[in-house]
Every structure is written in C-alpha cells, then in structure tokens.
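Comments concern the structure below.
In what follows, chains are A, B, ... by sequence order, proteins preceding strands, each numbered from 1.
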Number of protein chains: 2
Amino acid sequence: MNIGEASSASGVSAKMIRYYEQIGLIAPKGRTESNYRLYGPEEVHVLRFIKRARSLGFSLEETETLLKLWQDKSRTSAAVKEVATTHINDLERRIAEMQSMVKTLKHLSHCCGGDHRPDCPILDDLAGENVA
Amino acid sequence: MNIGEASSASGVSAKMIRYYEQIGLIAPKGRTESNYRLYGPEEVHVLRFIKRARSLGFSLEETETLLKLWQDKSRTSAAVKEVATTHINDLERRIAEMQSMVKTLKHLSHCCGGDHRPDCPILDDLAGENVA
DNA sequence: TGTAAGGCTTCCCATGATGGGAAGGTCAAG
DNA sequence: CTTGACCTTCCCATCATGGGAAGCCTTACA
C-alpha cells in the first residue's frame with residue numbers, strides 16, 4: 001500500500017508519516033521501483049498507535065519510548081506506567097496553571113462593565129494598577 | 001536606560017524585548033550615538049503590561065490588541081471584555097481536552113499492574129486492543 | 001497510443017515564543 | 001590601556017504540523 005492509503009487507513013497525514021520516518025519513528029516496509037514508499041498492515045498499526053498516543057497528549061519523544069516498550073516483549077508494565085504517570089503529572093500541572101489564569105480572568109471580567117465606557121479593570125490589572 | 005536595565009526593571013529578557021520590537025509591539029524611545037537602544041519608564045510600563053498579559057496566557061497577537069486598547073482612550077470596556085472572554089473560552093476548551101486525557105490515562109494506569117510483568121493495559125489501549 | 005489527472009518524491013518555508021551563541025562594537029573601571 | 005561587561009546584528013534550534021513548488025510516475029479514458 002502507498003503512503004496515501006496508509007494515511008487514510010491510519011488517519012495520519014502523509015506529511016506526518018514522512019516526518020515520523022525522518023525522526024526514526026517508523027520506516028516503510030520498502031520502496032517500489034519508482035521509489036514510492038510501501039506499507040503493510042504492521043506499519044498502519046504502528047501509525048495508529050502513534051496517533052492514539054498523540055491524542056492522549058504524549059510528545060513524540062514519549063511516543064517513541066512507548067513504541068519501543070510496545071515492541072519490547074520483555075518490558076515491564078512498571079516502565080510503561082512510569083511514562084504515563086509522568087505525563088499525567090505534567091498534564092495536571094498545566095491544567096492547574098490554566099485554571100489559575102481562568103480564575104483571575106473571570107474575576108476581572110466579572111468586575112468589568114462591558115459597556116461603552118473606557119474604564120476597565122482588566123486593562124487596569126494588566127497595567128499593574130491595583131484596582132481589582 | 002539601556003536594554004539590560006529595562007530588562008531587569010520589567011522582568012522581560014533582552015532577547016524578548018528585541019523580538020517584541022521586531023514584531024511591532026514596542027519600540028525603544030531612541031538610540032544612543034553608538035546605536036544602543038534607550039528606554040524610559042513608559043516603555044518599561046509597556047513591557048510589564050506585556051509580561052502580565054503573557055502570564056495570563058494571552059498570545060502576543062491578543063496582547064497587541066489589548067495594548068492598543070489600553071492606549072486608545074476612546075476604547076469601550078466591552079471591547080476589552082470580549083478579548084478576555086474569547087481567551088477564557090479558549091482556555092476552558094483546552095483544559096477540558098487535557099482533563100479528558102488525564103481521565104483516560106488515570107483509568108488505564110489504575111488498571112496497569114506496574115510490576116515486572118509485560119502485560120499492560122496502557123499499551124493495549126494505544127495498540128487499539130479493546131482490553132481496558 | 002496519447003494525454004490529463006492525480007499521486008508520489010524531495011526540498012524549502014512558515015507557524016509561536018523563546019533561548020543559545022557567534023562575531024564584533026562600546027563603555028566603564030582599574 | 002586593558003579587561004570585562006555590556007550592547008549590536010545575524011543565524012540556528014525548539015515542537016508538531018501544514019503549505020507549496022518542481023518534477024517524476026501511474027492510471028484511466030478518449
């Protein structure tokens with residue numbers, strides 16, 4: 001199967017498949033005489049794996065680690081769990097940061113008239129004027 | 001004041017001050033004979049404004065909008081509030097996405113032994129095997 | 001059989017916000 | 001007068017993705 005078919009079978013764009021190949025994540029099974037990349041069901045499976053990992057927020061580097069663990073039959077589930085746990089902690093840290101932003105912004109918005117007048121506690125806060 | 005002083009007075013790195021200048025966010029008050037950038041308290045105030053906006057998660061583009069509104073004495077607070085509201089919605093959407101990832105990952109982690117054995121529901125999920 | 005359409009190749013560029021670092025000019029203190 | 005700390009511009013890297021050009025290949029149809 002060509003790259004276009006592998007793309008629609010996996011949901012990963014052809015552009016990305018080539019990029020993943022470039023960074024060593026996945027190689028085509030071979031090439032045709034005319035240099036077209038060739039993929040089999042194995043490769044599509046790997047592409048789906050990558051896509052699922054990305055959709056759970058894993059970086060490509062983490063995804064590579066997970067992929068290697070997947071292919072390593074002598075892995076321990078502890079090793080996998082550690083990658084996941086680290087990622088969960090990272091996500092939770094970022095969520096907390098954003099929630100803090102939202103909290104501040106909602107407070108400022110609540111205090112802002114939102115009318116035709118120029119007075120605005122949001123701008124006052126950004127300008128460092130301790131009004132709100 | 002030179003860029004170094006403006007940097008420590010505002011908390012924005014010299015590198016970033018130059019970048020913000022490049023994209024048209026802030027210009028130095030002038031230059032010395034030897035081409036050094038010169039800043040006054042006004043400019044430091046603007047830099048602090050930018051920094052605060054960034055810390056609330058606004059993009060540089062949104063920050064530019066807010067900066068223009070700040071400097072426009074005939075702005076309406078409604079215009080400012082709209083920028084903030086859009087940003088809040090964006091943050092909340094991203095928070096929800098990440099929370100969904102965390103939820104899934106926590107479930108998978110919970111089901112994962114985390115021991116010396118290779119069996120791992122996390123990998124099974126990534127591989128598309130509907131085990132967990 | 002010729003041609004047109006669409007798929008494939010590689011290569012370069014852009015994003016957003018930030019940092020690293022080199023090469024070279026400037027300033028202030030000793 | 002030298003040294004070190006500052007400043008200048010310029011280029012490169014990050015992370016994951018997309019856009020697009022130039023050129024080759026394949027397939028389908030007239």
Side-chain angles (χ1 to χ4, degrees), chain A residues 1-39 43 46-67 86-87 90-91 94 97-98 101, chain B residues 1-39 43 46-67 86-87 90-91 94 97-98 101:
Chain A
M1 131 179 56
N2 286 339
I3 200 171
E5 290 168 274
S7 171
S8 38
S10 65
V12 177
S13 75
K15 211 84 178 172
M16 278 302 101
I17 296 179
R18 293 194 196 95
Y19 175 65
Y20 295 162
E21 178 181 347
Q22 194 192 317
I23 63 171
L25 265 192
I26 179 168
K29 197 163 53 182
R31 296 267 189 158
T32 67
E33 287 183 2
S34 54
N35 207 32
Y36 282 21
R37 287 169 179 83
L38 282 178
Y39 300 92
E43 284 75 28
V46 170
L47 287 171
R48 287 179 169 283
F49 183 101
I50 295 172
K51 198 187 179 200
R52 175 72 177 144
R54 294 285 302 128
S55 81
L56 288 174
F58 288 105
S59 71
L60 285 181
E61 198 177 352
E62 289 165 327
T63 302
E64 190 184 6
T65 302
L66 291 169
L67 204 44
T86 301
H87 180 46
D90 190 44
L91 283 171
R94 284 154 55 197
E97 270 177 19
M98 289 196 285
M101 291 176 188
Chain B
M1 120 180 66
N2 284 340
I3 200 171
E5 289 167 272
S7 171
S8 38
S10 66
V12 178
S13 76
K15 211 81 176 172
M16 278 304 101
I17 296 179
R18 293 193 197 96
Y19 176 64
Y20 294 162
E21 178 181 345
Q22 195 194 315
I23 63 172
L25 265 192
I26 180 171
K29 197 163 55 182
R31 294 268 187 159
T32 66
E33 287 184 3
S34 53
N35 206 30
Y36 282 22
R37 286 169 179 84
L38 281 178
Y39 300 91
E43 282 75 30
V46 170
L47 288 170
R48 286 179 169 284
F49 182 102
I50 295 171
K51 198 187 180 199
R52 175 71 177 147
R54 294 287 303 129
S55 80
L56 287 174
F58 288 105
S59 70
L60 285 182
E61 199 177 351
E62 290 165 326
T63 301
E64 191 184 5
T65 303
L66 292 169
L67 203 43
T86 301
H87 181 45
D90 189 46
L91 284 171
R94 284 153 56 196
E97 270 177 20
M98 290 197 284
M101 293 176 188

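- Rounded to 10°, the angle separating the first-five-pair axis and the last-five-pair axis of the helix from dT1(C)-dA30(D) to dG30(C)-dC1(D) equals 30°.
- Taking every side-chain heavy atom of M16(B) into account, dG19(C) is the closest of dT8(D), dT10(C), dG19(C).
- OP1 or OP2 of dC25(D) has not a single side-chain nitrogen or oxygen of T32(A) nearer than 4.0 Å.
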Expected string for nucleotides 10-15 of chain D under the B/S/- scheme (protein heavy atoms, under 4.0 Å, primed atoms plus P, OP1, OP2 as sugar-phosphate) is ------

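- Nucleotide dT17(D) holds its C1' atom 14 Å from the CG atom of L25(A), rounded to whole Å.
- Of the candidates dT18(C), dA16(D), dG18(D), the closest approach to any side-chain atom of R54(A) belongs to dA16(D).
- The phosphate of dT17(D) (OP1 or OP2) has a side-chain N or O of Y20(A) nearer than 4.0 angstrom.
- Computed from coordinates, the R18(A) CZ to dG18(D) P distance equals 12 Å when rounded to whole Å.
- In the set dT26(D), dT9(C), dC8(C), dT26(D) carries the atom at the smallest distance from any side-chain atom of S34(A).
- Among dT18(C), dC8(C), dC7(D), the nucleotide with an atom closest to any side-chain atom of I3(B) is dC7(D).
- Note on R37(B): every side-chain N or O is 4.0 Å or more away from OP1 and OP2 of dC7(D).
- Going from atom CD of Q22(A) over to atom P of dA16(D) covers 13 Å, rounded to whole Å.
- Across every non-hydrogen atom of E21(A) and Y39(A), the tightest pair is OE1-OH, 4.0 Å.
- The separation between E21(A) atom CD and dA16(D) atom C1' is 17 Å, rounded to whole Å.
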